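Reading through the structure tokens given below for one structure.
Residue numbers start from 1 in every chain, and the chains themselves are labelled A, B, ... in the order their sequence lines are given, proteins ahead of strands. Just so you know, these numbers come straight off a predicted model, no measurement behind them. Note that these values count all heavy atoms, side chains included, but never hydrogens, waters or copies made by symmetry.
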Number of protein chains: 2
Amino acid sequence: MAQELNVSPSTISRALSGHHSISEAMKKKVRALAEQLHYQPNHLAAALRKGRSNLIGVMVPHIEGNFFAAVVHGIETVARKAGFNVMICQSNEDVNSEKQNIEAMMSAQVEGILVSLARTTRDFRHFEKIRRREIPLVLFDRTLEHVNVSSVVIDDYLGAFQLVQHLIDQGARRIAHFEGPRHLNIYNNRFRGYHDALISNGLEVDEQLIHYGNLTYAEGLEAMEKLLALPNPPDAVFSSSDMGALGAMHVLKARGLRIPDDMLLAGFSNEPITSFTEPMLTSVDQRCEQMGQAAVKLLLEIMHEKPKDFLPRRIVLPPDVLIRASSLLHKEAATPEPVLR
Amino acid sequence: MAQELNVSPSTISRALSGHHSISEAMKKKVRALAEQLHYQPNHLAAALRKGRSNLIGVMVPHIEGNFFAAVVHGIETVARKAGFNVMICQSNEDVNSEKQNIEAMMSAQVEGILVSLARTTRDFRHFEKIRRREIPLVLFDRTLEHVNVSSVVIDDYLGAFQLVQHLIDQGARRIAHFEGPRHLNIYNNRFRGYHDALISNGLEVDEQLIHYGNLTYAEGLEAMEKLLALPNPPDAVFSSSDMGALGAMHVLKARGLRIPDDMLLAGFSNEPITSFTEPMLTSVDQRCEQMGQAAVKLLLEIMHEKPKDFLPRRIVLPPDVLIRASSLLHKEAATPEPVLR
DNA sequence: TTGAAAGCGCTAACAT
DNA sequence: ATGTTAGCGCTTTCAA
């Protein structure tokens with residue numbers, strides 16, 4: 001280090017970190033020398049000494065696709081502003097990678113963890129370690145029901161309910177649904193919103209119209225084919241994912257059916273693509289970036305608390321139902337489109 | 001630690017890391033105890049001692065949008081498989097954040113750095129520090145010309161050339177171009193490909209047909225309006241971004257012009273959206289994920305070399321020109337579409 | 001096969 | 001306002 005050129009070991013440390021009881025003259029000299037010698041602080045050593053890594057761990061199922069990328073964008077931005085580095089992991093929708101990644105984050109001494117669960121995650125045992133070590137944890141978007149942990153989600157139930165209500169208002173009476181794995185809150189809530197909207201309008205819930213799957217484009221194709229083959233096909237489709245809805249759209253167009261005239265269509269997530277299809281696809285915006293920001297903020301809050309005082313918190317963001325041409329027979333109700341960047 | 005319950009400080013360390021000169025019996029006992037006490041290795045301390053952080057730093061302009069998210073996906077996957085954690089930074093297209101992020105990565109003691117440059121980056125001075133400390137560095141996609149550094153890119157020149165050649169083969173004679181900032185290799189090369197393809201076909205390069213900008217959707221709208229207002233408008237548009245092309249597409253449709261009959265249209269990047277527009281948009285695939293993987297592999301290679309032996313390497317991936325309906329008057333030449341996931 | 005001891009680079013309590 | 005000293009948790013010579 002640099003005490004050779006002047007005189008002092010810890011004065012250097014203090015000078016660099018702007019400690020108050022160091023003369024301005026000294027500070028200046030030290031900074032100048034640091035510059036000159038290309039001194040590079042070793043964050044690891046400081047972290048070890050202080051017991052603070054300044055690291056936040058983030059685990060998402062995957063980072064491709066609009067949603068998680070946007071959330072991570074929000075997370076990274078807020079975290080860095082608060083002086084934290086971000087370590088990214090992907091579970092690849094696999095519980096085992098999830099376990100390994102948790103290990104990796106813990107041994108990297110992260111000070112807090114943000115997670116959106118893998119599709120194959122059905123229980124919470126591998127998160128117990130985190131709780132035991134009292135590392136703050138916030139789940140976002142994909143959580144498990146009945147698990148006592150802080151989380152940030154949008155109101156999927158409400159989004160689905162409002163969307164299906166809209167379809168009914170447009171005259172739909174037999175509404176099909178593409179659903180995802182129900183052990184995940186988001187798909188369960190979207191299904192419940194669909195279900196309850198039907199019931200509260202006195203409509204029948206027909207199991208034949210509900211297709212379970214992974215909500216991919218390919219499965220959307222397949223499901224739509226099957227629906228059209230029914231003796232009494234639906235007059236609307238509400239998919240829990242946009243990709244599923246796009247698959248359905250493709251089949252409908254290929255069959256020469258008109259959207260929305262012959263079939264109303266709606267997805268969920270407001271993927272950018274939905275603004276570019278013809279007709280544009282009705283969907284529900286998930287406020288991705290806001291969700292990421294809210295998740296970090298909540299995490300930081302929890303990190304500043306005494307572990308003893310800790311009580312899990314739940315932030316529910318309002319969904320934003322975007323009515324577009326694919327579900328609009330009566331044009332007046334359309335959501336105004338924002339200008340695209 | 002656990003030496004109290006048995007007998008030894010460093011034996012523990014050896015046992016846990018599977019050192020060969022430790023009896024199996026001992027190893028078993030230690031592992032059992034570690035499990036029981038919920039022992040959590042402190043990676044930071046190990047990193048400090050060993051002088052190896054097992055961290056790779058990645059800086060992208062932003063993580064939203066398909067391209068960088070997919071590259072990061074590729075990076076994360078390969079890096080983790082090789083036992084490295086990944087620290088993510090975003091420059092937000094800003095040189096100053098770029099500088100700060102470099103500081104952050106260096107003090108986090110990353111063992112290697114992957115960067116795709118911000119749009120505002122015009123020189124390489126802030127990267128000198130990295131070189132001085134002999135930290136392996138690989139640029140991907142966005143690099144600067146004439147800078148002696150390892151990089152992974154696609155052959156933007158070839159992609160653009162082939163694409164424009166295709167437009168000419170389809171009968172285009174006045175081809176407009178939306179270009180990005182030319183100090184960045186990618187936009188410069190796409191422009192050059194465009195330029196040279198025209199020249200080598202004996203066509204004139206008309207400055208009126210070249211629109212400089214940030215290649216956004218909004219600028220695509222604007223540029224297309226201007227082009228249509230020319231006394232002698234173009235018969236094709238090649239945009240260096242897909243979003244720009246989509247803006248153009250919107251204007252053309254709004255004017256009742258047919259694509260490709262009245263105007264051929266092509267973009268660059270193969271954003272997922274391009275498969276969902278009508279007509280589908282001709283574009284150039286950038287092999288995002290492959291690029292990420294190649295970048296990490298190259299970085300790992302460099303990390304395993306002696307700094308003295310180091311010679312910058314350059315990996316150029318072949319572009320993949322995807323001919324779609326937006327530029328196809330004669331249908332036979334279409335690129336076969338893969339099945340969407 | 002195991003133990004003893006030193007030290008990675010930094011910071012903070014304590015002393016001056 | 002600055003110096004002294006100890007130690008964060010781990011690994012690794014060196015010695016036994």
Side-chain angles (χ1 to χ4, degrees), chain A residues 1-35 37-55 83-85 103-111 129 133-135, chain B residues 1-35 37-55 83-85 103-111 129 133-135:
Chain A
M1 241 296 257
Q3 71 269 43
E4 331 229 335
L5 282 144
N6 292 36
V7 269
S8 54
S10 56
T11 307
I12 303 282
S13 170
R14 288 193 265 245
L16 288 171
S17 59
H19 195 283
H20 60 276
S21 68
I22 293 282
S23 68
E24 268 310 319
M26 193 66 208
K27 283 186 191 171
K28 250 183 201 150
K29 273 203 293 190
V30 172
R31 277 196 275 261
L33 183 64
E35 183 72 19
L37 298 184
H38 306 302
Y39 165 74
Q40 185 66 44
N42 185 331
H43 202 266
L44 253 55
L48 179 60
R49 175 63 235 252
K50 295 198 270 196
R52 295 210 41 201
S53 65
N54 264 260
L55 234 196
F84 285 88
N85 289 330
E103 279 305 317
M105 290 198 235
M106 304 243 291
S107 61
Q109 309 297 114
V110 295
E111 293 183 46
K129 278 190 121 161
R133 309 204 88 224
E134 293 183 340
I135 299 173
Chain B
M1 240 295 257
Q3 70 271 44
E4 329 229 336
L5 282 143
N6 292 36
V7 267
S8 53
S10 53
T11 306
I12 304 283
S13 169
R14 288 194 264 246
L16 288 172
S17 61
H19 196 284
H20 60 276
S21 70
I22 292 283
S23 67
E24 269 309 320
M26 193 67 211
K27 283 186 191 171
K28 251 184 200 149
K29 271 203 294 190
V30 171
R31 277 197 275 262
L33 184 63
E35 183 71 19
L37 298 184
H38 306 303
Y39 168 73
Q40 185 67 44
N42 185 332
H43 202 267
L44 252 56
L48 179 59
R49 176 62 233 257
K50 295 199 270 197
R52 296 207 42 199
S53 66
N54 265 258
L55 235 196
F84 285 88
N85 291 329
E103 279 305 317
M105 291 198 240
M106 305 243 290
S107 61
Q109 309 296 113
V110 295
E111 293 183 46
K129 278 191 120 163
R133 310 204 91 223
E134 294 182 339
I135 298 173

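- Under the rule for a side-chain hydrogen bond (donor to acceptor under 3.5 Å, both in side chains), the partners of A:Glu103 that lie at least two apart in sequence or sit in another chain are A:Lys129.
- Take A:Ser10 and apply the side-chain hydrogen bond (donor to acceptor under 3.5 Å, both in side chains) test, not counting sequence neighbours, and it matches A:Arg14.
- Rounded to 10 degrees, the angle separating the terminal axes of the helix from C:dT1-D:dA16 to C:dT16-D:dA1 is 30°, with each axis obtained from five end pairs.
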N/O contacts under 3.5 Å, protein versus nucleotides 12-16 of chain C?
| from | atom 1 | to | atom 2 | distance (Å) |
| --- | --- | --- | --- | --- |
| C:dA13 | N6 | A:Arg14 | NH1 | 3.3 |

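- Counting to the nearest Å, the C1' atom of D:dA1 and the NZ atom of A:Lys27 are 11 Å from each other.
- Remark: P of D:dG3 and CD1 of A:Ile22 are 8 Å apart, rounded to the nearest angstrom.
- For A:Lys28, there are no side-chain contact (heavy atoms from CB on, under 4.5 Å) partners at least two apart in sequence or on another chain.
- At a threshold of 4.0 angstrom between heavy atoms, the contacts of A:Ser23 are confined to the sugar-phosphate backbone, with no base atom among them.
- Side-chain atoms of A:Thr11 and A:Val30, non-hydrogen and from C-beta on, never get closer than 4.5 Å to each other.
- In the set D:dT2, C:dT2, D:dT11, D:dT11 carries the atom at the smallest distance from any side-chain atom of B:Ala46.
- Computed from coordinates, the B:His20 NE2 to D:dT12 C1' distance equals 13 Å when rounded to whole Å.
- Distances were taken from every side-chain heavy atom of B:Asn42 (C-beta onward) to each of D:dG9, D:dA1, C:dG9; the shortest belongs to D:dG9.
- Residue B:Met26 contributes atom CE, which lies 9 Å from atom C1' of C:dT2 at whole-angstrom precision.
- With sequence neighbours left out, the side-chain contact (heavy atoms from CB on, under 4.5 Å) criterion links A:Leu55 to A:Ser53, A:Asn85, A:Met87, A:Ala108, A:Val110.
- Every side-chain hydrogen bond (donor to acceptor under 3.5 Å, both in side chains) that B:Arg52 has, sequence neighbours left out, goes to B:Glu111.
- A:His43 places its NE2 atom 17 Å from the C1' atom of C:dC8, with the value rounded to the nearest Å.
- A straight line from CG of B:Leu44 to P of D:dT11 spans 12 Å, rounded to a whole angstrom.
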Item to complete: Take B:His19 and B:Ser17 through the side-chain hydrogen bond (donor to acceptor under 3.5 Å, both in side chains) test and state the conclusion after the steps.
Response: CA-CA 6 Å; B:His19 196 284; B:Ser17 61; over 6 Å; no
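- For A:His38, the side-chain hydrogen bond (donor to acceptor under 3.5 Å, both in side chains) test picks out B:Arg132, with sequence neighbours left out.
- With sequence neighbours excluded, no residue forms a side-chain contact (heavy atoms from CB on, under 4.5 Å) with B:Arg49.
- Residue contacts shown for B:Leu48 include a base, since a base heavy atom lies under 4.0 Å away.
- Between the CG atom of B:Leu16 and the P atom of D:dT12 there is a distance of 13 Å, given to the nearest Å.
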